Amino acid sequence: IWMDGKLVEWRSANVHILTHALHYASSVFEGERCYNGRIFKSVEHSERLRNSGALLDMPLPYSVAEIEAAKTATLKANNLTDGYVRALAWRGAGEDMGVASKKNPIRMAVAVWSWGNYYGDAKMKGAKLDIAKWKRPSPETIPHAAKAAGLYMICTMSKHAAEAKGCSDAMMFDYRGYVAEATGANIFFVKDGEVHTPKPDCILNGITRQTVIGMLKDMGITVHERHILPEELEGFQQCWLTGTAAEVTPVGQIGDYMFEVGDLTKRVATEYEKLVRA
């Protein structure tokens, strides 16, 4: 694991119990996938990591170029050409152990490992989603454009509740009651050959989401980025999730609503797979 500028053995990559991030969630991260020795959209992920840090008033002490070099070195050290990359930055242990943490160092690490399909066999047959009781909060209450650890607390709880019901994940509404996203992936719907996806005005505008929207437009498919009401779920014919871990995963069911794993969903999944391995 690359940690604070050098490679260390996996078991030695430890932090102190008084690490500020452990107590106050002062942590940002990226999830990335490496295909055939190349991290897909690597620079965009490194730029977002730095931007997330800035949004949390936690300026990272590493440039994009230095973060890129750290990821490359970690993959090489672990002899991985296909795998998952986790870049993480956090406020460490220091003089401050209250809410304020300006005197504490900002630390960073990169870990890599092999990781298959995020949703297992749902990648082929369609994931089953619960509907979460928790809602994505207003952008007036969180820095929603940051990929920050603390923002995933309700996602973890929602996914645990979904798994207890035999589901792969949960779909969340936002604070206004509009369809938002899954716990760690953006969501798309198909109706009459056109695609509808929630406007990212209070959720993370995922890098995979942006990639897939670009692909759809290149295919000549109309994409509507808009607010989606819960009652509209009944009228959609297809659905899929996007994310670095999820890649493009079809959805077969959300609550009582059923969707087909249709031709457009399969095409998008296939084209995305080609793109990341190009």
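What you are looking at is a predicted structure, and each value in this text was computed from that prediction instead of being measured.
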Just jot down the side-chain hydrogen bond (donor to acceptor under 3.5 Å, both in side chains) partners of Asn78, sequence neighbours excluded, or say none. none

So, does [X] use its side chain to make a donor-acceptor pair with the main chain of [Y] at under 3.5 Å?
X	Y	answer
Thr197	Ile187	yes
Thr208	Thr244	yes
Lys71	Ser42	yes
His144	Asn205	no
Asn186	Gly206	yes
Glu47	Leu49	no
Gln238	Thr265	yes
His20	Gly98	yes
Asn104	Asp96	yes

Evaluate the criterion side chain to side chain donor-acceptor pair (under 3.5 Å) for residue pair Asp201 and His227; output intermediate values, then yes/no. CA-CA 9 Å; Asp201 56 359; His227 295 144; 2.8 Å; yes

Might you point out which heavy atoms bring Ser46 and Val64 nearest each other, and give the distance in Å? CB-CG1, 4.0 Å

I'd like to know if Glu271 and Arg267 make a salt bridge, using a cut-off of under 4.0 Å between side-chain N and carboxylate O.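 No.
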
Short N-O contact, Asp174 and Lys199, less than 4.0 angstrom: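 Between Lys199 and Asp174 there is no salt bridge, as every charged N stays at least 4.0 Å from the carboxylate O atoms.
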
May I ask you to check whether Tyr272 and Trp240 place their ring centers less than 6.0 Å from one another? no

Please work out whether the ring planes of Phe236 and His196 are parallel, tilted or perpendicular, with thresholds of 30° and 60°.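 Tilted, since the angle between the ring planes falls between 30° and 60°.
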
Any idea how Phe189 and Phe259 line up, ring-wise: parallel (<30°), tilted (30 to 60°), or perpendicular (>60°)?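 Rings of Phe189 and Phe259: tilted, 30 to 60°.
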
Tyr84 and ring-ring contact (aromatic ring centres under 6.0 Å, His included): which partner among Trp115, Phe29, Tyr35?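 Per the ring-ring contact (aromatic ring centres under 6.0 Å, His included) rule, the option paired with Tyr84 is Trp115, out of Trp115, Phe29, Tyr35.
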
Any chance the side chains of His45 and Glu30 put a donor and an acceptor closer than 3.5 Å?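 Yes - a donor-acceptor pair under 3.5 Å links their side chains.
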
